[in-house]
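So the structure is just underneath, and the comments pick up after that.
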Amino acid sequence: MADDKDVLRDVWFGRIPTCFTLNQDEVTEREAEAYYLLLPRVSYLTLVTDKVKKHFLKVMRAEDVEEMWFEYEGTPLKWHYPIGVLFDLHASNSVLPWSITVHFKNFPDQDLLHCPSSSVIEAHFMSSIKEADALKHKSQVVNDMQKKDHKQLWMGLQNDKFDQFWAMNRKLMEYPTEEGGFRYIPFRIYQAMSDRPFIQKLFRPVSPEGNAYTLGDLLKEMYPAAITNDAHL
Amino acid sequence: MSGCALNEKEFFSCCQLLLQQSEHLRDGWSWEAVQGSEEGYLRKTVLRSVVADCCDQQERTQPVVATRFHSDGITGDGGDEDDAVCVLSEGSSHVLQYEYHILYSCSYSAPVLYFRAFTLEGRSLMLEDVWSSVHPNFRHCLQNSPLTAITQQEHPLLGQPFFMLHPCRTEEFMRPVLQEAQEQPRPVNYVLLWLSVVGPVVGLDVPLKYCTQLHPSSPSSSEPD
């Protein structure tokens, strides 16, 4: 899988055209225009919206500005989910561009994590990478990497550099078939209509008889409700 | 118990054992089940009285409001007013509600401690306030290592912001104690043992009586009393 560069590039360069509008209740000195941006699916909202912040700050006074947060049709958007996941979860059936409302006050601290700096995003991203490797390789690959390798992974994401990112990520995607491949497949099934944000359980890539499992097998076991008679699988 | 990892069934048994002891000791733990399955977590709520206090820490980029936990109302020495983002203002006295959850991480085969704290008015504590509940001895070494630090995370079952102690080092610090116990041999409750290490770091007390109850008269028995 990690050899199919075209697929990897398509996933990496996926974009969602988005329209950012300022919340009507924000205190502004003049009317704010909407701001349009192509959001990378694989990145995080708070990592790629500096320009959005700058744009709206132009019409606001500093004392009216608190931590920025985003909302779609009344739902606060969790910045720590990849943008593509947020769109697919909340807005996949709506017309493009994706309309997101920007807020600078009344931060919903029962729904959203705070994001005071990009180092928080980096820590969160690296934590996910490490957890995934704990499942794939018992953390051996990620622990063998040097600090500068971890940094390169993060910088690749932050600066949208496919080659820089994958130079490091390919080590994490090594699938030693002689040893049964990944120990477990890191996956999360996100669901919008539930308190429980996602389903994450142990799942082996290969059956005891040695047959490779498919995505359908995983869904059948972890989320059978997804497989209906007219399922688009 | 396979090595120093804990599987989900073992986690469940350890929790049930801890629950029985907690009921006996009136320590306040409860089990919150997920949809009537065996999946769930341990939960405990604690009220504590704190006096907000300021201290300057040169090594840190952000100053922290230090608090002391008192039953007798001794105030600490006053420091300079800091500009950290804190809910608790200097010199003020508060009763805080701390809520602790123990969940199982299948990725790390270990228990994980999640917690959050509120003032009685219902305002959530920020990360800076929470650091102040960590004993200064722990604070320094925790903050320097991001993977053992306290971070804000989404609760995997409730979907709400909690603070979490990262579990990836758990196997590392559990190993020496578990190996010794296996050699003796003596029965160990993994979750209780783990809690007695990580709990005090974030202000969660684990009374010694849990341990004295754990040693039954017969070595093969796993039931308390």
When the 4.5 angstrom heavy-atom criterion is applied to A/Asp109 and chain B, the contacting part is both

For chain B, which of A/Phe198, A/Tyr184, A/Tyr81 has the most heavy-atom pairs under 4.5 Å?
-> A/Tyr81

Any chance NZ of A/Lys53 has more than 12 other-residue heavy atoms, nucleotides or ligands included, within less than 6.0 Å?
-> no

State, to 0.1 Å, how close A/Pro197 and B/Pro156 come at their nearest heavy-atom pair, and which atoms those are.
-> CD-O, 3.2 Å

Run the numbers on B/Val34 and A/Arg196 for side chain to side chain contact (heavy atoms under 4.5 Å, CB included), then give the verdict.
-> CA-CA 10 Å; B/Val34 174; A/Arg196 186 183 194 147; 3.8 Å; yes

Decide whether A/Glu131 and B/Tyr108 meet the rule of one side-chain donor and one side-chain acceptor closer than 3.5 Å.
-> no

More than 12 foreign heavy atoms under 6.0 Å from NZ of A/Lys51: is that the case here?
-> no

Non-hydrogen side-chain atoms of A/His124 and B/Gln152 separated by less than 4.5 Å = no

Contact part of A/His114 toward chain B, heavy-atom cut-off under 4.5 Å: side chain, backbone, both or neither?
-> both

Starting at CD of A/Gln110, measure out to OG of B/Ser124 and round the result to the nearest 0.5 Å.
-> 4.0 Å

Can you say whether B/Leu158 sits under 4.5 Å from chain A via the side chain, the backbone, both, or neither, judging by heavy atoms?
-> backbone

Checked A/Asp195, A/Leu135, A/Leu113, A/Leu112 vs chain B; the most non-hydrogen pairs under 4.5 Å come from A/Leu113

Chain A heavy atoms under 4.5 Å from B/Phe118: which part of the residue, side chain, backbone, both or neither?
-> side chain

Heavy-atom distances under 4.5 Å only: say whether A/Ile199 touches chain B with side chain, backbone, both or neither.
-> neither

Spacing of OG belonging to A/Ser139 relative to CD belonging to B/Glu171, to within rounding of 0.5 Å = 9.0 Å

A/Lys201 bridged to B/Glu8 by N-O distance under 4.0 Å = no

Among B/Gly159, B/Ser109, B/Ser107, which has the most heavy-atom pairs under 4.5 Å with chain A?
-> B/Ser107

With the side chain counted from C-beta on, respond yes when B/His166 and A/Ser127 share a heavy-atom pair under 4.5 Å apart, and no when they do not.
-> yes

For A/Lys78, is it the side chain, the backbone, both, or neither that has a heavy atom closer than 4.5 Å to a heavy atom of chain B?
-> side chain

